[in-house]
Structure formats: structure tokens, C-alpha cells
> 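Before I ask anything, let me first share the structure, which is written out below as C-alpha cells.
Atoms within each ligand, like the ligands themselves, are counted from 1 in listed order. We're numbering straight along the sequence, starting at 1. These values consider heavy atoms only, across backbone and side chains, with no hydrogens, waters or symmetry-generated copies.
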Amino acid sequence: MKSEERMKKILLLPGDGIGPEVFGPVQGILEHLVKSGHALLEWEDGLIGGIATDRTGFPLPPETVEKADRCDAVLLGAVGGPKYDTLPYDKRPERALLGIREHLGAFANLRPARLFPELSGSSTLKPEVISDLDLMVVRELTGGIYFGKPRGIVTEEGIRRGINTETYTEPEIDRIMRVAFDLARKRRKKVTSVDKANVLESSVLWREVAESVHKKYPDVELSHMYVDNAAMQLVRNPKQFDVLVTGNLFGDILSDEAAQLTGSIGMLASASIGGKTGLYEPIHGSAPDIAGKDIANPLAMILSLALLFRYSLDREDLAGFLETSVRNVLKEGYRTTDIRGDGTKKIVGTREMGEKVFLELKKVLENK
Ligand code: IPM
Ligand code: MG
């Protein structure tokens, strides 16, 4: 622990579906870090998503927002489920996700897609295409078509029309580009900006601003790619990418694709930063089809906690210990069913995988 460290507070929002299950190991890990003197931490639980609607009538209750404002970071599981699919748009669990991202001003969503070497046989892609893969998707998270106005469903002369608007302002593009270039500086110094500038004016501006921000980062290489081509290149030759920066909708789609390269969407963590309080969540959803069956992969959740230590608490050391623990457990051959493949010695459930990482973390901390 650093001597000058002050007490940090984390808000835990397990949410719906597999959310609470993959959250299982989190509490034990936090308790151990505090007890063993590795961190000064406190945490509290909150409600978000369908469970929040069930209990309070709101998917994002005001109390959760107030709690988030009092914390240094928010760790979120997943929201949503079939039970809530027929709710009116404003009551849907997904609204809570967009609401909290917007409230926290978390405009930069970092989705690192790194292949653990142990999982090169678990991807549906050939090992040579993905070995050593390490790319970062930087997705703009609080703008674009997700938030643009006008939006809605209107009826004109008896015909219904659904409307959404893709819109980006210059400052919005400027700030996400800076995040991408800053990250690239600490990596392989390559930014690929993904847009649809051959069709969309918002993308024309996106490209122009990317170019102008690039002038301040002459040491970083910038290239542009249309989103359709980027989708293809990601499966054709993903190792050409270092940092991929793109808008909200394109980033949503491309980050799922990038996740699959690493073996399973159950492996990918994300950090949403840029505001006062960072938000950390696995990129997978609530997976209602497998909820409650003790088969979900908790590693994306654990790796999200690692990102929380890295980006919100300035504890690169703890982030590294967690990542090493995950790596060691994979090395030992433990796999949840989504990442089974070559090198699997034992298929374990959510709970057992969480326990293995926890025990490994204890060892890593003792031997450091
Ligand atoms: C994600 C998810 C969300 C999104 C949904 C659940 C609203 O797909 O975090 O990628 O589209 O942002
Ligand atoms: Mg998504």
C-alpha cells in the first residue's frame, strides 16, 4: 500500500441475470485486499437495472446516482432480462446503463482485447491470426446515435416512423481522440480511427477533428478506416490494430467482434472514464439464458475490477496482480465452458473459477 493513500470508496452494482453470479468473487477479493493491508477501501451495494425497477420502480433509482457521486469508482455487473423486455422504453434496464454513463460523464469506453496465450485454442479464429493479439477499442460512450435528438417514434398521416440521430460535436470528437492518442503513446503508437465518412457528415467531421488532434501527437501514427472495412479487417488480420477509436454505435458492434477474437465475450472487461467517477463493467450482457446455472465466466468481471484499480485508483500494482492471477489459473488449465478448448484440464463453474482466482491472488500477494 502506498503510504499517502487515502480511503477509497467503490459502489458495487451487480444488476441482473448473471451479474450477481459473476460478482461472486469481488467481495472476497476486496475484503482480502483490505485485511492483508494492500488497500484502503470501502464499498457499498446499490441497485441498477431490472432488479432496481422491481424494488423501486426505477431502473436507475436516484439513490444509486447519489451513491455513485460519493464514490471513487463504480463496478457494474450487467442489466436486463426477458422479464423487462416489454416494459416501456423509459423503464427498460438498458436505460439505466445509458443513464449512469451519461450522469458520470464517462465518455471514453476502453475495451482492451488481449488474448491470454492459454486461450489461443479457444477462439473460433486460427491461432496464427490471433496469437499475441493486443488491441484497444476506444468507444465514444455518451454521444452519437445513442443520445442524439430528435429521437422517438412518431405517427405522421397514419404512418409510424422511428427516428434516431447520429450527431457529434467538435469538442466531443476532440476529447475522445485525445484519450485514444494518449493511450497509443503508452502502447505501439498507432491509432486507427473508424468512421463512415463516405456516407455520413458526422463522420466527415469526425475525420477532420481526428486529423487536427493528430497534429499534437506527431509521434503517433494515425490512419482512417471505414467501419465496414474495419469489421472485415478485425477478423482478417486483427494484429494490424493497436488503438481503434470510434463512435458509440460502431464501437458497440466492433467491440463485440474484438471480444470474440480473445476466445469469448466472457473474457472482455471495460473501463468508462473521462468523468469524475469511472465506471467498470464486463462487456457481456446479463445472459438470461445461462443465469442461475453457475456456468457464466466471471473472468471479465474480475478483469474489470483490475481496470478499476488501474484507471480510477491509480493502483497499477493491484491491477497487475489480478491479471496475473487470472493468467495463472488459465495456465493451470481451469476453464469455464465458454473458453473450453486446447489446454483445458478441468471445466469449472462460475463459483469455482472465482475461488481459483481468489486463491491464486492470495498466493501472488504473498510471494510478491
Ligand atoms: C454494451 C451493451 C450496451 C450498449 C447495451 C446493453 C445498452 O451492448 O455495453 O456494449 O449498447 O452500450
Ligand atoms: Mg454491446
> Salt bridge (charged side-chain N to carboxylate O under 4.0 Å, His left out) with Glu44: which residues, sequence neighbours excluded?
Lys9, Arg70
> Say whether, by atom type as modelled, one donor and one acceptor occur between the side chain of Ser264 and the main chain of Gln260 under 3.5 angstrom.
no
> Counting N and O atoms only, with roles assigned by atom type, does the side chain of Ser270 sit under 3.5 Å from a partner on the main chain of Arg111, one being a donor and the other an acceptor?
no
> Take atom CZ of Phe58 as the centre, draw a 6.0 Å sphere, and report whether it contains more than 12 heavy atoms from other residues, nucleotides or ligands.
no
> Would you indicate whether Arg351, at its atom CZ, is surrounded by more than 12 heavy atoms from other residues, nucleotides or ligands within a distance under 6.0 Å?
no
> Can you confirm whether Glu201 is buried at CD, in the sense that more than 12 heavy atoms of other residues, nucleotides or ligands lie under 6.0 Å from that atom?
no
> Taking only non-hydrogen atoms of Arg101, do any sit less than 4.0 angstrom from ligand 1?
yes
> To check your reading of the model: name the closest protein heavy atom to atom 1 (C) of ligand 1, its residue, and the distance in Å.
Arg111 NH2, 3.4 Å
> For ligand 1 and Asp252, I'd like to know whether there is a polar contact (N/O to N/O, distance under 3.5 Å).
yes
> Is the closest N or O pair between Arg139 and ligand 1 shorter than 3.5 Å?
yes
> Can you spot which of Val26, Val357, Thr336 makes a side-chain contact (heavy atoms from CB on, under 4.5 Å) with Pro298?
Thr336
> Assign the ring pair Tyr217 / Phe181 to parallel, tilted or perpendicular, where the plane angle (0 to 90°) is split at 30° and 60°.
parallel
> Of Trp206, Tyr146, Tyr168, which is the lone residue that meets side chain to side chain donor-acceptor pair (under 3.5 Å) with Glu140?
Tyr168
> Atom 6 (C) of ligand 1: which protein heavy atom is closest, and how many Å away?
Leu97 CD2, 3.8 Å
> Tell me: protein heavy atom nearest atom 11 (O) of ligand 1, and distance?
Tyr146 OH, 2.5 Å
> How many N, O or S atoms of the protein are nearer than 2.8 Å to the Mg ion (ligand 2)?
1
